[in-house]
Amino acid sequence: MAETKTYREALREAMVHEMDRDESVILMGEDIGVYGGTHLITDGLYDKYGPRRVIDTPISENGFTGAAVGMAMMGMRPIVEMMTWNFSFLAADQIIQNAAKVRYFSGGQVKVPLVIRGPNGGGVQLSAQHTHSLESFYGHFPGLKVVAPVTPNDAKGMMLTAIRDDNCVIFLEAGALYGTKGEVEEGDNAVPFGKARIAREGSDVTLIAYGRQVNLCLRAAETLEEEDGVDAEVIDLRSLRPFDEDAIVESVKKTHRAVAVEEQWRWFGVASEVAAIIQEKAFDYLDAPVERVSGAETPAPYARNLELLAFPSEKAVANAARRALYMEEK
Amino acid sequence: MPAKDERSENGEVGARGEGAVATTPENLAELYQKMVLIRAFEDACQRAFRQGKIGGYLHVYTGEEAVATGFLDAYREGDRVITAYRDHPHALLLGASPGEVMAELYGRRTGLVKGKGGSMHLFDVERGLMGGYGIVGGHIPVGVGLAYALRYQNTDHIVQLFLGDGAINQGAFHEAANLAGLWGRDEMCPCLFIVENNQYGMGTSVERATAMTDLAAKFDAYAIEHEKVDGMDLLAVLECAHRAAERVRESGRPYAVEAITYRIAPHGAADFLEKYRTKEEVEKWRERDPIGIVEKRLLDSGDIDEERIEEIKQEAKREVEEAVRFAEESEEPPAEELYTDVYAGEGEE
């Protein structure tokens with residue numbers, strides 16, 4: 001059975017599912033309780049579970065994230081909301097120096113079953129300090145898991161998995177898509193980490209993305225089919241650490257061409273990693289260099305027209321695919 | 001329930017309440033023995049560091065022994081302890097063997113954390129030690145979270161959270177103290193903050209590092225009650241520690257103690273120059289050496305004689321020599337350990 005739900009509702013449903021099942025699951029964050037959550041993800045949960053399980057925190061990211069690390073080390077399963085991932089820079093010491101590393105430097109004596117979640121990336125004119133895509137930043141650190149679901153069904157299923165995971169999971173939500181709807185399976189639809197999803201089957205070129213860029217790729221694929229008769233495959237990575245290398249390699253063996261798409265800046269990014277993996281593991285199958293589509297190398301601008309230029313567009317993805325097919329000059 | 005001042009009328013130390021330990025001559029002698037062992041351990045690892053046998057950083061506790069010894073005397077099974085990088089005595093006092101700690105400093109597989117943490121990251125979770133941490137102030141929010149969890153899980157255990165004077169200036173301290181004060185209102189934060197004020201954050205004195213030098217009073221800003229204690233006087237620390245620990249245990253509220261102490265040793269074992277303080281100043285504090293004070297008290301009261309004192313010192317020396325031998329003879333961690341303990345559970349190890 002499946003029902004149509006928003007991305008936002010799907011996330012809430014997963015948290016309720018686990019909170020009902022397991023008392024050690026609690027929520028923490030700014031305005032998540034009485035206020036109902038800036039993005040309404042936790043709306044109603046304060047009344048349902050009370051202030052000891054739905055903790056309104058001061059605006060104090062390093063403090064409350066560190067406290068959540070301590071709770072997790074004691075066997076609780078806190079879910080921390082970053083009002084936006086931009087604010088996580090203030091908590092970076094706790095996330096990187098403690099949550100990611102403490103298991104290792106304790107010689108395996110502690111676990112940190114902690115989920116840190118919130119909207120990632122931009123697209124709604126919030127300008128430089130409120131627009132940031134943190135997938136490479138957190139994906140860089142061993143000890144963290146990093147996931148970025150784009151469909152409501154994955155939002156729920158991956159949140160279930162994140163809460164049950166014994167490690168710190170960086171849960172990058174497609175913030176611009178909280179209101180989008182999709183079919184969500186009823187009950188326990190836990191989605192394992194490290195398995196990519198083929199969002200569209202195709203044979204001519206592989207478009208590889210995660211988060212809201214997946215939707216962009218799907219639209220680009222339709223354009224390519226209509227305008228050029230090109231049959232593009234779209235891979236939704238879903239999880240960046242662990243990373244499903246096999247899915248990419250298998251697809252490239254079939255299509256022989258690839259475009260890696262990311263919202264964040266190009267240098268040292270996910271698309272670079274995708275291109276390197278293809279080069280290492282599927283070099284002999286490639287018929288063209290791997291193309292990359294990334295965000296502009298600037299802080300995010302406010303003006304709508306500039307913001308649209310700063311992020312990957314459907315057109316930029318389609319053109320990259322055409323280049324990979326030698327249908328357009330570089 | 002408001003916390004009461006439980007100081008007894010006759011001034012007898014630590015004799016009240018469950019878990020409090022009367023300072024009988026035997027008990028005091030035992031604590032003296034622990035302090036002597038810590039001193040001998042720190043002297044030995046400092047030597048080994050200078051011989052190039054211990055790598056990384058090494059921060060010893062010489063001069064501050066009465067603080068950890070006094071507070072951890074109030075430790076009860078099930079409590080949790082968290083501290084920063086000057087953490088050897090905390091591990092030893094909670095029951096880790098000198099061999100395990102020394103082996104960790106040597107980077108051996110027999111070390112307390114399998115050679116993966118070194119001097120700054122001693123953990124002994126079974127005995128309540130939730131770690132030593134290397135970023136000044138970074139462990140304070142973690143300790144406050146431990147305290148919340150202890151109450152959430154319906155226990156009467158407490159957290160002893162040790163921090164240095166240097167950590168007081170970190171945002172992490174202020175954010176965590178604010179959370180502790182807030183959560184304490186709901187009796188959800190049994191956290192005993194112990195500020196080990198050894199007068200210096202590395203080479204910068206408290207006077208030069210903090211605008212308002214009354215460190216205990218900083219807790220006023222977060223509605224956390226506090227006091228100061230002479231951290232060189234074990235008896236004073238014991239009295240304070242037992243009373244404070246019981247108060248936190250009963251109330252579920254945080255409490256803070258600033259222990260005024262002095263790091264007789266350099267900040268780190270590699271800190272030879274000590275341009276930031278005078279020899280005279282160090283000598284002045286040495287006269288109040290916490291071990292010397294207890295030794296004198298034991299001798300003056302006639303509870304112990306010179307011969308026994310000498311025996312205790314020799315025993316500590318032997319025990320530490322044995323620890324060094326154990327560390328030197330232990331194997332290094334196997335290469336496979338490089339990739340273990342990165343993630344809990346299956347998958348990406």
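Keep in mind that the numbers below use all heavy atoms, side chains included, and drop hydrogens, waters and symmetry copies.
- Using a 4.5 Å heavy-atom threshold, the side chains of B/Asn178 and A/Pro58 count as touching.
- At a 4.5 Å heavy-atom cutoff, the contact between A/Ile55 and chain B is made by side-chain atoms alone.
- Using a 4.5 Å cut-off between heavy atoms, B/Leu146 contacts chain A through both its backbone and its side chain.
- Note that OG of A/Ser24 and CD of B/Gln153 are 8.5 Å apart. Values are rounded to the nearest 0.5 Å.
- Between chain A and the residues B/Met188, B/His174, B/His139, the most heavy-atom pairs under 4.5 angstrom are made by B/Met188.
- For the options A/Glu61, A/Gln94, A/Lys101, heavy-atom pairs under 4.5 Å to chain B are most numerous at A/Gln94.
- The line from NZ of A/Lys111 to OH of B/Tyr343 is 16.0 Å long, rounded to the nearest 0.5 Å.
- In this structure, the portion of B/Tyr133 lying under 4.5 Å from any heavy atom of chain A is its side chain and not its backbone.
- Looking at B/Lys116, both its backbone and its side chain come within 4.5 Å of chain A, counting heavy atoms on both sides.
- Summarising the geometry, atom NZ belonging to B/Lys114 is positioned 8.5 Å from atom CD belonging to A/Gln109; distances are rounded to the nearest 0.5 Å.
- The distance from the CG atom of B/Asp186 to the CZ atom of A/Arg52 is 6.5 Å, given to the nearest 0.5 Å.
- Under a cut-off of 6.0 angstrom, the local environment of CD in A/Gln129 is sparse, with at most 12 non-hydrogen atoms contributed by other residues, nucleotides or ligands.
- Atom CD of A/Glu280 has more than 12 heavy atoms from other residues, nucleotides or ligands within 6.0 Å.
- Residue contact with chain B, scored on non-hydrogen atoms closer than 4.5 Å, is absent for A/Phe193.
- For the residue pair B/Tyr152 / A/Arg53, a side-chain donor-acceptor distance below 3.5 Å is found, with atom types taken as modelled.
- With a 4.5 Å cut-off on non-hydrogen atoms, B/Met120 does not touch chain A at all.
- Between the side chain of A/Asn167 and the backbone N or O of B/Ala344 there is at least one donor-acceptor pair closer than 3.5 Å.
- Neither the backbone nor the side chain of B/Glu104 has a heavy atom closer than 4.5 Å to any heavy atom of chain A.
- The aromatic rings of A/Phe105 and B/His121 lie parallel to each other, their planes meeting at an angle below 30°, with 60° marking the opposite boundary.
- Other residues, nucleotides and ligands contribute more than 12 heavy atoms inside 6.0 Å of the CZ atom of A/Phe89.
- Other residues, nucleotides and ligands contribute at most 12 non-hydrogen atoms within 6.0 Å of the CD atom of A/Glu273.
- Within a 6.0 Å radius of CZ in B/Arg185, no more than 12 heavy atoms belonging to other residues, nucleotides or ligands are found.
- No side-chain donor-acceptor contact under 3.5 Å links A/Asn62 to the backbone of B/Glu175.
- Across every non-hydrogen atom of B/Phe123 and A/Val102, the tightest pair is CZ-CG2, 3.5 Å.
- With a 4.5 angstrom heavy-atom cutoff, B/Arg151 does not touch chain A via any of its atoms.
- Here the OG1-CH2 distance, from A/Thr57 to B/Trp183, works out to 8.0 Å after rounding to the nearest 0.5 Å.
- For chain B, the nearby part of A/Pro51 is the backbone; its heavy atoms alone come within less than 4.5 Å.
- Of the atoms belonging to B/Leu182, it is side-chain heavy atoms, and not backbone ones, that fall under 4.5 Å from chain A.
- Interface residue B/Leu338: backbone and side-chain heavy atoms are both found under 4.5 Å from chain A.
- Chosen from A/Met74, A/Met73, A/Glu23, the residue pairing most often with chain B at heavy-atom distances under 4.5 Å is A/Met74.
- Residues A/Gly63 and B/Pro141 approach most closely at O-CB, 3.4 Å, considering heavy atoms.
- From A/Ser106, atom OG reaches atom CG of B/Leu129 across 10.5 Å, with rounding to the nearest 0.5 Å.
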